[in-house]
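Step one of this worksheet: look at the structure below.
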Amino acid sequence: MNTLVVLWMLAGVLCLQVPPSTFWPAGFVAFSLPGALALNILFLVYWVLRRSWLLVLPLSACILAWSYYARLLSINFEKEIPKGAKTLQVMSFNTHVFNAYDKIVKGVPQVSTDMIDWVAEHPADVFCLQEFYSRVNSVEYNNFNRIGTRYGKYKYASTSVGDRVAADLGVVIFSRYPIVEGGTIKFNNTRERSANRAAWANINVKGDTVRVYAVHLQSMSIRSEDIENTYSAIGDENSFKKESRNLVRRLRMGFVARAAQVQQLLEHVQASPYPVIVCGDFNDIPFSYTYNELAKELENAHVRAGNGVGATYNGPLPFLRIDNQFYSQGLEAYRFETHDEMALSDHYPISATYVLQPKGAEQR
């Protein structure tokens, strides 16, 4: 059984390299890799308690797969920021349109205002907001003003008009430092007015330029009702088959769509003449082709400076980290935090503090 688990781990690692558009079942095998990693640890404990030499098998697998365990659970000691260093704190948050539609439909009191104020008053230098929502003719939802203008922040917005009251919907970057230039990456496999897109901005940080990306990749398109219906269908064979096939179909479509989007994103990132920070809602876990492609080129702030699982999805599926911040050489992450105290969206905000390294210095 231990051998089978190790083979499962190897299959999962190999499937991380396979584009789901080429062989979509690879996405599901990679998705299952955390199960294999956890079982391997249990086997290690088992052989240690038995005092058996067979502990060599799971121990070797742990050592070889250590970088994947770090994706599952991060452990870092706090590093002291060097005196006089240039720092940049970046916050990323899928705001769930600030619950604007929930408030209209469900009459949720004060939720939107509390969330908007929390974002506006956060001490970050740069704010990357996905599913951003703003209405110019609304006191409550004029978020370009409430979050940006009122606090003297610069902004780059990549939005489209999204509803009957002409609200702006999309991704927005706010910055306390000047934005020199900005642009939008519209993914080839999405509709023209889709909220799934990436915005980028070149930001002048005390004389140094950093390019920041705010990204929102294709959603998993799985609602909480889909999960609940699948669980409730257990025991009814026909109903369970129907609901589980629906989940598989939605996951498969997401794997394929995000694989194409991440390649388009990486082509733009690789052409940047400046150090980059790529953050947002990637809608994929660390054991996915999407995450793996980004991790080949960039460091992950949670892995380098965070602690714990770092779950960012505030929904019925626990332990999902689908929001991330990645960064390139020229930067080093010193702090990372998942703000689970802000639980008004279906995502938790994440923030990281970076130190800009002197030009010519190599990243540690």
Exercise. L129 versus N94: any side-chain heavy-atom pair under 4.5 Å?
Worked result: no
Exercise. How far does CG of L39 sit from CG of L4, to the nearest 0.5 angstrom?
Worked result: 11.0 Å
Problem set entry | Matching residue for L59 among L44, L54, V48 - test: side-chain contact (heavy atoms from CB on, under 4.5 Å) | L44
Exercise. Are side-chain heavy atoms of R146 and D117 found at a separation under 4.5 Å?
Worked result: yes
Problem set entry | Whether N99 side chain and L344 backbone form a donor-acceptor pair below 3.5 Å | yes
Exercise. Using 30° and 60° as the class limits, which term best fits the ring planes of W24 and F28: parallel, tilted or perpendicular?
Worked result: perpendicular
For this session: Kindly say whether D323 contributes a backbone atom to a donor-acceptor pair with the side chain of T312 at under 3.5 angstrom?
Result: yes
Exercise. Would a distance-only check, ignoring hydrogens and angles, find a side-chain to backbone donor-acceptor pair under 3.5 Å from E293 to V262?
Worked result: no
Exercise. Do side-chain atoms of S32 reach the backbone of V29 as a donor and acceptor pair under 3.5 angstrom?
Worked result: yes
Problem set entry | Non-hydrogen side-chain atoms of I277 and L88 separated by less than 4.5 Å | yes
Exercise. Are Y348 and N314 close enough that a side-chain donor and a side-chain acceptor fall under 3.5 Å?
Worked result: yes
For this session: Please check if the side chain of T184 supplies one atom and the backbone of K186 the other of a donor-acceptor pair under 3.5 Å.
Result: no
Problem set entry | CA sep, side-chain torsions, deciding dist, call: L169, T159, side chain to side chain contact (heavy atoms under 4.5 Å, CB included) | CA-CA 5 Å; L169 291 162; T159 60; 5.7 Å; no
Problem set entry | Exceeds 12 heavy-atom contacts within 6.0 angstrom, atom CE of M253 | no
For this session: Please report the closest heavy-atom contact between M91 and P349, naming both atoms and the distance.
Result: SD-CB, 4.2 Å
Exercise. Is the number of heavy atoms from other residues, nucleotides or ligands under 6.0 Å of Y151 OH greater than 12?
Worked result: yes
For this session: Would you indicate whether the side-chain heavy atoms of H347 and D281 approach each other to under 4.5 Å?
Result: yes
For this session: Look up atom OH in Y289 and atom CG in L16, then write down how far apart they are to the nearest 0.5 Å.
Result: 11.0 Å
Exercise. Would W200 and E181 count as a side chain to side chain contact (heavy atoms under 4.5 Å, CB included) if you check the C-alpha gap in whole Å, the side-chain angles of each, and the deciding distance to 0.1 Å?
Worked result: CA-CA 8 Å; W200 60 271; E181 185 183 10; 3.8 Å; yes
Exercise. Stepwise, does the ring pair (Phe, Tyr, Trp, His ring centres under 6.0 Å) test hold for F93 with H122?
Worked result: CA-CA 12 Å; F93 186 22; H122 192 278; 9.6 Å; no
Exercise. Quick check: does any side chain N or O of Q264 sit under 3.5 Å from a backbone N or O of N188, one acting as donor and the other as acceptor?
Worked result: yes
For this session: Indicate if L72 and I322 have the same hydrophobic cluster label, given that clusters are the connected sets of ILVMFWY residues with side-chain heavy-atom separations under 4.5 angstrom.
Result: yes
For this session: Please answer whether the main-chain N or O of G315 pairs with a side-chain N or O of D346 as donor and acceptor at a distance below 3.5 Å.
Result: no
Problem set entry | Beyond-backbone contact of H268 with Y213, side-chain heavy atoms, under 4.5 angstrom | yes
Exercise. Are the side chain of K155 and the backbone of V172 linked by a donor-acceptor contact shorter than 3.5 Å?
Worked result: no
Seminar exercise, completed: Closest heavy-atom pair, A65 versus L37, reported as atoms and distance to 0.1 Å, is CB-CD2, 4.3 Å
Exercise. Are M9 and L64 connected in the hydrophobic side-chain network, where two residues link if heavy atoms are under 4.5 Å apart?
Worked result: no
Exercise. So how far is it from I81 CD1 to Y354 OH, rounded to the nearest 0.5 Å?
Worked result: 12.5 Å
Problem set entry | Heavy-atom pair of closest approach, residues C15 and A26 | CB-O, 3.4 Å
Problem set entry | is_close_aromatic(F144, F132), centroid dist under 6.0 Å | yes
Exercise. If two hydrophobic side chains count as joined below 4.5 Å and joins carry through other members, does I147 share a cluster with V139?
Worked result: no
For this session: Determine whether R321 and N300 make a side-chain contact, defined as any pair of heavy atoms from C-beta on separated by less than 4.5 Å.
Result: yes
Exercise. Looking at H216 and F187, what are the two nearest heavy atoms and their distance?
Worked result: O-CE1, 3.9 Å
Problem set entry | N292 vs Q17 side-chain heavy atoms within contact, under 4.5 Å | yes
For this session: Report the distance from atom CZ of F43 to atom CG of N2, rounding to the nearest 0.5 Å.
Result: 5.0 Å
For this session: Answer yes or no: is there a donor N or O on one side and an acceptor on the other, between the side chain of N76 and the main chain of N307, under 3.5 Å?
Result: no
Problem set entry | Passing option when R258 is tested against T290, D284, N189 for side-chain hydrogen bond (donor to acceptor under 3.5 Å, both in side chains) | D284
Exercise. Under a 4.5 Å side-chain heavy-atom rule over Ile, Leu, Val, Met, Phe, Trp and Tyr, are I41 and L73 clustered together?
Worked result: no
Exercise. Do F336 and L298 share a hydrophobic cluster, counting only Ile, Leu, Val, Met, Phe, Trp and Tyr and linking them when any side-chain heavy atoms are less than 4.5 Å apart?
Worked result: no
Exercise. How long is the span from the CG atom in L217 to the CZ atom in R197, to the nearest 0.5 Å?
Worked result: 13.0 Å
Problem set entry | Heavy-atom pair of closest approach, residues W47 and P58 | CD1-CG, 3.6 Å
For this session: Tell me, with the steps shown, if E140 and T113 meet side chain to side chain contact (heavy atoms under 4.5 Å, CB included).
Result: CA-CA 7 Å; E140 183 175 37; T113 299; 3.3 Å; yes
For this session: Would you please indicate yes or no on a ring centroid separation below 6.0 angstrom for F326 and Y291?
Result: yes
Exercise. Sub-3.5 Å donor-acceptor pair from the side chain of S112 to the main-chain atoms of F98, do we have one?
Worked result: yes
Seminar exercise, completed: In terms of heavy-atom contacts, S328 and P275 come closest through OG-CA, 3.4 Å
For this session: With rounding to the nearest 0.5 Å, note down the distance linking CD in Q329 to CD in E299.
Result: 8.5 Å
Problem set entry | Ring center gap for Y133 and Y141 short of 6.0 angstrom | yes
Exercise. Considering only heavy atoms from C-beta outward, does the side chain of K79 approach that of E332 to under 4.5 Å?
Worked result: yes
Problem set entry | Q325 and V90: CA distance, side-chain angles, deciding distance, side chain to side chain contact (heavy atoms under 4.5 Å, CB included) verdict | CA-CA 9 Å; Q325 294 193 24; V90 179; 3.8 Å; yes
